[in-house]
Amino acid sequence: MSKKSFRQAINEALRQEMRRDPRVILMGEDVAGGQGGSSGVTDAWGGVLGVTKGLYTEFGPERVLDTPITEASYIGAAAGAAATGLRPVAELMFVDFVGCCLDQIMNQAAKFRYMFGGKARTPLVIRAMYGAGFNAAAQHSQALYPIFTHIPGLKVVVPSSPYEAKGLLIEAIRDDDPVIFLENKVMYDDEEEVPDEAYTIPFGEANLTREGNDVTLVAFGRMVGFANEAADRLAKDGISCTVIDPRTTSPLDSATILDCVADTGRLVIVDESSPRCNMATDVAALVAEEAFDALKAPIRRVTPPHTPVPFATVLEKLYLPDVGRIEAAVRSVMGYKARQEA
Amino acid sequence: MSKKSFRQAINEALRQEMRRDPRVILMGEDVAGGQGGSSGVTDAWGGVLGVTKGLYTEFGPERVLDTPITEASYIGAAAGAAATGLRPVAELMFVDFVGCCLDQIMNQAAKFRYMFGGKARTPLVIRAMYGAGFNAAAQHSQALYPIFTHIPGLKVVVPSSPYEAKGLLIEAIRDDDPVIFLENKVMYDDEEEVPDEAYTIPFGEANLTREGNDVTLVAFGRMVGFANEAADRLAKDGISCTVIDPRTTSPLDSATILDCVADTGRLVIVDESSPRCNMATDVAALVAEEAFDALKAPIRRVTPPHTPVPFATVLEKLYLPDVGRIEAAVRSVMGYKARQEA
Amino acid sequence: MQIARDILLHSYRSMRTIREFEERLHTEFATGEIPGFVHLYCGEEASAVGVCAHLGESDTIASTHRGHGHCIAKGVDVEGMMAEIYGRSTGVCRGKGGSMHIADLARGMLGANGIVGGGPPLICGAALSHKLLKTDGVAVAFYGDGASNEGTTLESLNLASVWKLPAVFVCEDNGYGEATGASYACAGTQKDRAAGFGMPYFECDGSDFFAVYETAGEAIAHARSGKGPVMLHVHLARWYGHFEGDAMSYRASDEVAQARKDHDCLSAFRTRTTGAGLLEGASLDDIDSAVRTRIEAAVQAAKAAPLPEQEDLMRDVYVSY
Amino acid sequence: MQIARDILLHSYRSMRTIREFEERLHTEFATGEIPGFVHLYCGEEASAVGVCAHLGESDTIASTHRGHGHCIAKGVDVEGMMAEIYGRSTGVCRGKGGSMHIADLARGMLGANGIVGGGPPLICGAALSHKLLKTDGVAVAFYGDGASNEGTTLESLNLASVWKLPAVFVCEDNGYGEATGASYACAGTQKDRAAGFGMPYFECDGSDFFAVYETAGEAIAHARSGKGPVMLHVHLARWYGHFEGDAMSYRASDEVAQARKDHDCLSAFRTRTTGAGLLEGASLDDIDSAVRTRIEAAVQAAKAAPLPEQEDLMRDVYVSY
Ligand SMILES: Cc1ncc(C[n+]2csc(CCOP(=O)(O)OP(=O)(O)O)c2C)c(N)n1
Ligand SMILES: Cc1ncc(C[n+]2csc(CCOP(=O)(O)OP(=O)(O)O)c2C)c(N)n1
Ligand SMILES: [Mg+2]
Ligand SMILES: [Mg+2]
C-alpha cells in the first residue's frame with residue numbers, strides 16, 4: 001500500500017497484467033513515443049500525458065506498439081487481435097476521437113459474439129481520456145460514455161479514484177468482452193492509498209462511498225468526488241446522503257441503486273456527460289419505473305447544459321456540474337412538498 | 001392531395017426543394033447509380049431502395065452526386081459544402097454506417113457554430129435508414145437516434161408517416177442547422193394522403209395522434225403506428241390513451257409531453273432503439289423530474305432488449321416492440337396500485 | 001508450375017461447391033423463403049479458392065458482404081452456412097448472423113462483414129496475433145474495388161506496412177460497387193496505392209484458377225516469410241446483381257453473358273486440366289454430381305431445421321455480464 | 001519568376017507576424033496564463049504564406065491543430081486570434097474555441113481543427129461549393145505528415161479526384177506526428193499516394209519562400225483551371241515541441257538548432273531579397289519592428305479584454321432551436 005496517483009495506478013495495473021500474461025499488449029499513438037525520431041530515444045512520451053511511461057522499456061516494441069495516427073485501423077486491429085488470441089489494450093488518447101473509429105467498436109468488436117452465435121471472444125480494452133476542465137475545448141473534452149453504454153456488447157467503466165482505477169483496469173484486462181475504460185484527464189494527479197499488489201474490482205457492483213437516509217446521490221467518474229464533497233457539506237446541516245459510485249455504466253448495478261432509493265426516497269444523479277440520453281436519464285428512468293413507490297420527490301439531474309464544451313475557463317466552469325449545484329439539487333429535493341400535500 | 005408512399009413523400013420533398021432552391025444538392029452512394037457502368041444507363045438505382053429515383057434525371061450530375069463508398073469523406077464534404085454556401089442533403093444509406101463518419105458529424109458539423117463563436121451556419125441534412133424488421137441483421141438494423149440526440153448541435157427527426165416525412169424533410173432542408181433525418185426502412189411502402197404542394201412541419205412541436213385521459217403514450221417513428229394501434233385496441237376496453245409523436249427527438253417538445261402527463265398521470269414510452277441511454281430513458285427522466293407530482297404510476301418503457309439485432313425472423317420479432325407489448329404496458333400502469341394504497 | 005492432383009481436385013470441388021451454392025441461393029431467393037440481403041459470389045470462385053489453397057486452417061481470413069465463397073474456400077461447414085442463411089438454429093451462427101455475418105473462428109474465418117471496409121483493420125490484428133504468437137500464419141483480407149476506397153482499408157495498408165505484418169490484402173475487383181463502376185469510383189490505380197503504402201503489388205486474372213493460384217502463392221509466401229504485407233489485385237466479374245433483386249440496368253445487356261462465356265473459371269479449369277491430361281473429365285463429373293447432391297441436401301436440411309428459440313434472443317451478447 | 005514588390009513585402013510581413021506571434025505565445029505559455037493546448041507553427045511560416053499568396057479572400061482553406069500560421073496567412077484578424085487564445089469575449093470565436101478552433105468563414109478560413117485529418121473532407125465540400133457556385137475559387141487543405149495516414153485524408157484524395165474538384169492538398173511534412181517520426185509512421189511515399197488517387201504531385205522545400213511560392217502557384221493554377229485536385233508536399237521542420245510543454249527527447253539535440261540556422265525562412269528571404277536588390281533591409285527592419293509592436297499590443301489587449309459572460313455558455317449552439 002502506498003500513495004499513488006491515478007496515472008500511476010493505471011500504469012501499475014498495465015504493468016502487472018503485462019507481466020502476468022504475455023498475451024496482453026498495448027497499442028496506440030505514442031504509447032511509447034520516439035519511433036523514427038532523430039535522437040534514438042524511445043519510450044519518449046509514454047502516452048500524451050505520460051500514463052504508459054516505462055512500459056515500452058520493460059516490454060519492448062513487440063508488446064508496446066506505437067501506431068500511425070489512424071484510429072480506425074488500429075482499434076480495428078486491436079479487435080481483430082483480441083478475436084485471435086491476444087488481449088490488447090488499445091489507447092484512443094481522447095475519447096472524442098471515437099468518431100474516427102466507432103464502426104470497429106460498435107459494429108465489429110461489440111457484435112462479434114452475438115452475430116457469430118456465441119463463437120467469438122473479444123477480450124479487448126480500449127482506454128481513453130474523457131472530461132472537461134482542461135481548457136481543451138469542444139473536441140477534446142467530451143464524456144461520451146452514454147454512447148458506449150447505449151451499445152449492446154460493450155462494457156463501460158468510469159473509475160472515480162486511483163484505487164478504483166487500478167482494480168477496475170485489471171478486471172477489464174482479464175475480462176473476455178470488449179471494455180471501454182474511461183479516464184478523466186483532470187484526475188491523473190489525484191492521489192490516494194493504493195495496494196501495490198494486483199487486485200480486481202468486479203464489474204456491475206456499485207460502491208457506496210457514503211451512506212445516509214435522506215437522499216441517494218448517484219454519480220459517475222470524477223463526479224463521485226464532487227458528490228462526496230456535497231454530501232459532507234450537507235451533513236453539516238443534518239442532511240444525510242448515500243453516494244453511489246456505480247463504477248461501470250454497463251453493466252449497471254441497478255439493484256443497489258433501487259435499494260438505496262427504497263431507503264431514502266429521494267434521488268439526485270450527477271453526470272458530466274451531455275444531458276440528453278445520458279446516464280442521468282438512464283438511472284432516472286430505471287428508478288421511475290422500478291422504485292416508483294419509494295419516491296418522495298422528483299428525480300433531479302445535475303448535468304452540463306446541451307452545448308458543446310466551451311474553451312474559456314469561465315465558461316467551462318459554468319458548463320461542468322460542481323459541488324454547489326449538487327448541494328442545491330439535494331436541498332431542492334429535501335425541500336420538496338408534493339402539490340397535494342402543500 | 002393524393003395517396004403517396006413514404007418513399008414517394010420523401011422523393012417529392014427532395015424534388016420540390018431542389019426545384020425551389022438551386023443550392024440544394026444530393027449526394028451519396030448510388031443516389032443516382034450507374035456512373036461508370038457499361039450500359040450507359042444513369043439514374044439506375046436512385047438509392048439502394050429507390051427513394052431518390054428520378055432526381056438525377058431531372059437535376060443532373062452536378063446536383064445529384066454519386067460518391068465512392070467513403071462515408072467519412074463525403075459526409076464531411078457535405079458539412080464543408082454546407083458551411084460554404086450549398087445546402088446538401090447527404091444520404092448515409094443505413095444509419096448503422098455512422099461509425100464510419102461520426103467524427104465529421106459530431107466533432108465538425110455539429111460543433112462549428114459553437115466553436116466558431118456563432119459565425120458558422122451549416123445547413124446540412126443527413127438522411128439515413130434505420131430500424132429492424134427487414135432481416136438485415138445486426139449491422140443494418142439499428143435505430144441509433146439516441147446517439148445523435150445526445151450530441152449538442154444536431155437536430156434529429158424521426159418521421160412516423162408519409163405525411164410527416166414530407167413536411168419534416170422540407171423543414172429539414174430549409175433549416176440552417178445540421179439535421180439527422182431518419183427513415184424507417186420497413187415503412188417505405190406505407191401509404192397515406194399527402195398534399196401535392198410543399199409544406200413544412202416545424203421541429204420541436206409534437207403531434208397528438210390520439211387524445212385520451214388515462215395514459216400518455218410517447219412513441220417514436222414507426223412505433224407511433226404501433227402505439228396508435230394499441231390505443232385503438234385499449235379503447236375498446238375503455239382505456240383511453242393520448243399518443244404523442246414528438247416528431248423530433250432534438251429539439252424535444254417537452255411541454256406537450258409534460259402537459260399530457262399532467263392530464264393522464266400515467267406514461268408509457270415506446271422506443272425501438274436499444275434500451276440504455278435511449279429516448280425512453282430521456283423522456284422518463286424528463287417526466288420524473290418535471291411532472292413528478294402528476295404521476296400516478298411507474299413510468300413504463302417498451303423497448304428492445306440490450307442485444308444486437310438478431311437475423312432470424314422469429315428472433316427479430318421477439319426483439320422489436322409490438323402492439324401486444326405496448327398494450328400490456330398500458331394495462332400494467334392502469335392496474336398499478338401504490339404499495340401504500342394497496 | 002506443378003500443382004498436386006489432390007490440390008487440383010480439392011480446388012475444383014471448392015469452386016463447384018461455391019457455384020452450386022450460389023446458383024441455388026439465386027433460385028431459392030426468388031421463392032421468397034430466404035430472408036434479408038443476399039450477395040452472390042458466382043463468377044468469382046477462382047479468387048477465393050486460388051487464394052485459400054495456400055492457407056492452412058490456422059491462417060486467418062476476413063471477408064465481406066459477398067462472403068459465401070470465402071467461407072466455403074476456407075472450409076466453413078456448407079450445411080451450417082445454408083442453415084444460417086435460412087435463419088435456423090443449426091446455422092453456423094445459430095441463425096443470429098445470416099448471410100452477411102457467417103463466421104467460424106475455429107477455421108480462421110473472421111467473418112463476412114456487413115460493413116464495406118470492415119475487414120482490413122481486423123486482418124491487421126489477426127496478422128499481429130500470428131506475428132506475436134509466432135504461429136507462422138498469415139492473415140488475408142478480401143475486399144472489393146468499392147472497399148478499396150474506404151479509409152479503413154487505406155489506413156490498414158499503411159498500418160500493416162508500418163508493423164511489417166504477415167498480411168495479404170486481396171482486392172477483388174469486379175468492376176462495381178453496388179451500381180457504380182470502379183472506373184468512376186476509384187481514382188488512380190491499385191498498383192500505385194500499393195506503392196503509396198510501401199508494399200509489393202501482384203495482380204492476376206481472377207477467372208483463371210491457375211493464375212490466381214500461382215500469383216497468390218507468391219504473394220502469400222512473401223507475407224509468410226516475414227517480409228511484410230502485400231497487395232493482390234484480382235480482376236473479376238460478378239455474374240449476378242449487387243444483391244438479389246438488382247435488375248442491373250447499369251450493365252450492358254451482354255456483359256454478364258460474355259463473362260459467363262469467356263471467363264468461367266470452372267470450364268476454363270476443366271478445359272485446361274483435362275486437355276493437359278492432369279485430370280480426367282469423369283473425376284470432375286463425379287465432383288459435379290456429388291456437389292449437386294450435397295447442396296440439395298443442405299437446402300432440404302436447412303428448410304427442415306428448427307428455428308431459434310426465445311432464449312436465443314438474449315444469449316451470447318457477452319461472455320459474462 | 002518575378003514576384004511583385006507588394007507581394008514580397010506582404011509575404012514577409014505575414015511570415016514575420018506568424019513568427020512573432022508564435023515566439024511570443026511560447027513565452028506567454030510558460031507564464032501559465034494561456035489555457036489549453038497550444039501547438040506552434042514556428043519554422044513553418046513560408047508554407048502557409050507561400051500557399052496563401054495565391055489565394056484570394058473567397059478561396060477557402062482548412063487548417064489543423066497547428067493553425068495559427070494558416071489563419072494569419074489567410075488574413076484572420078491577429079488581435080482577435082490572440083484574444084481567442086486567451087479565452088476572451090473579443091476573440092474571433094468569442095473565447096469559445098481557443099487555439100485549436102480559430103475560424104473565420106468570412107475570410108475563407110474554415111477552421112483550425114482538433115481532429116487530425118478533420119480538414120480534408122471539409123475541403124472537398126468547400127471545393128464543391130466553389131465548383132457548383134462557379135466562384136472560380138479553390139479550396140486548400142493543410143494537413144500534416146501524421147494526418148496523411150488518416151482514412152479521412154486518403155478518402156478525400158480519392159473523392160476530390162472522382163468529383164474533379166478544385167482542391168489542393170498541402171501535406172505539411174515536418175517529419176513528426178507528435179513524438180513519432182514520419183519515417184516510422186508513413187509507409188511508401190506521398191508521391192505514390194498522389195498517383196494512387198490520380199492526381200498530380202508537387203513538392204518543395206518549405207523553408208524557402210520562393211520555392212513554396214513558385215510550386216504552390218503551379219499547383220493551385222492546375223486546380224483552379226478545372227483540371228482537378230493536386231497534392232503539394234512541403235518539407236518542413238518544426239522548431240518547438242509538438243505542443244507547449246513537450247520536452248522533445250525524441251529529437252537529436254541539435255536538430256532544431258540546425259533547422260533554425262540553416263532553414264529559417266525569414267533570414268533566407270532577407271538574404272535573397274536584399275542580395276538581389278529586390279527589397280531593402282530597412283524596409284524589412286521596419287516590418288520587423290511594426291510587427292513586434294503589433295503583437296505586443298495584441299497581447300496586452302487580449303489580457304485586458306473582457307471574459308465571456310454566463311449567457312455565452314448557451315448561445316450559438318444552433319441557429320434556432
Ligand atoms: C460502410 C458501408 N458503406 C456502404 C455499404 C453498402 N454497400 C454494401 S456492399 C456495397 C458495395 C461494395 O462494393 P465492393 O467493395 O466493390 O464489393 P462487391 O459488392 O463488388 O463485391 C455497398 C456500397 C456498406 N455495407 N457499408
Ligand atoms: C483523430 C485524432 N487523433 C489523434 C489526435 C492527437 N494529435 C493531435 S496533433 C497530432 C499529431 C499530428 O501530426 P501531423 O499531422 O504530422 O501534424 P503536426 O503536429 O506535425 O503539425 C496528434 C496525434 C487528434 N487530435 N485527432
Ligand atoms: Mg466490386
Ligand atoms: Mg507532422
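Residue numbers begin at 1 in each chain, while the letters A, B, ... track the order of the sequences.
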Quick check for you: to the nearest 0.5 Å, what is the distance between C/Ser320 atom OG and A/Lys155 atom NZ? 3.5 Å

Taking all non-hydrogen atoms of both residues into account, name the closest pair between A/Ala77 and C/Leu159 and its distance. CB-CD2, 4.0 Å

Straight-line distance of C/Leu132 CG to A/Glu62 CD, nearest 0.5 Å: 5.0 Å

If you tally heavy-atom pairs under 4.5 Å between each of A/Gly85, A/Gly36, A/Pro68 and chain C, the highest tally belongs to A/Pro68

Roughly how far, to the nearest 0.5 Å, is the SG atom of C/Cys93 from the CE atom of A/Met115? 8.5 Å

Mind ranking C/Ala106, C/Gly118, C/Gly111 by heavy-atom pairs under 4.5 Å with chain A and telling me who comes out on top? C/Gly118

Residues C/Trp163 and A/Thr67: closest non-hydrogen pair is CZ2-CG2, 3.5 Å

Contact origin within C/Asn113 toward chain A - heavy atom pairs under 4.5 Å: side chain

Nearest 0.5 angstrom please: A/Thr84 OG1 to C/Leu128 CG, how far? 8.0 Å

Counting N and O atoms only, with roles assigned by atom type, does the side chain of C/Ser129 sit under 3.5 Å from a partner on the main chain of A/Ala81, one being a donor and the other an acceptor? yes

Which one wins on heavy-atom pair count under 4.5 Å against chain A: C/Val92, C/Val162, C/Ile123, C/Thr60? C/Val92

Non-hydrogen atoms of chain C under 4.5 Å away: do they reach the side chain of A/Leu154, the backbone, both or neither? backbone

Short question: side chain of A/Asp177, backbone of C/Val319 - any donor-acceptor pair under 3.5 Å? yes

Can you tell which part of A/Asp103 gets under 4.5 Å to a heavy atom of chain C, answering side chain, backbone, both or neither? side chain

Heavy-atom distances under 4.5 Å only: say whether C/Leu133 touches chain A with side chain, backbone, both or neither. side chain

As an exercise: rank C/Thr152, C/Leu105, C/Ile115 by heavy-atom pairs under 4.5 Å with chain A and give me the winner. C/Ile115

For side-chain contact (heavy atoms from CB on, under 4.5 Å), just list the numbers for C/Tyr321 and A/Ser250, CA-CA rounded to whole Å, side-chain angles, deciding distance to a tenth of an Å, and then say yes or no. CA-CA 9 Å; C/Tyr321 194 68; A/Ser250 181; 2.4 Å; yes

Between atom OG1 of A/Thr122 and atom CG of C/Leu122, what is the distance when rounded to the nearest 0.5 Å? 9.5 Å

Mark yes or no: C/Lys96 above the aromatic ring of A/Tyr114, with NZ or CZ under 6.0 Å from the six-membered ring centre and no more than 45 degrees from the axis. yes

Which value, rounded to the nearest 0.5 Å, describes the distance between A/Phe112 atom CZ and C/Leu110 atom CG? 5.5 Å

Contact class of A/Phe203 relative to chain C, heavy atoms under 4.5 angstrom: neither

When heavy-atom pairs shorter than 4.5 Å are enumerated against chain C, which of A/Gln104, A/Arg63, A/Gln35 gives the highest number? A/Gln104

Looking only at A/Leu65, A/Asp176, A/Ile25, most heavy-atom pairs under 4.5 Å shared with chain C are made by A/Leu65

Which one, C/Cys124, C/Ala126, C/Gly108, leads in non-hydrogen pairs under 4.5 Å with chain A? C/Ala126

Applying a strict 4.5 Å limit to non-hydrogen atoms, the region of C/Leu157 in contact with chain A is neither

For the candidates C/Glu155, C/Met100, C/Glu84, C/Arg94, which exhibits the highest count of non-hydrogen atom pairs separated by less than 4.5 Å from chain A? C/Glu155

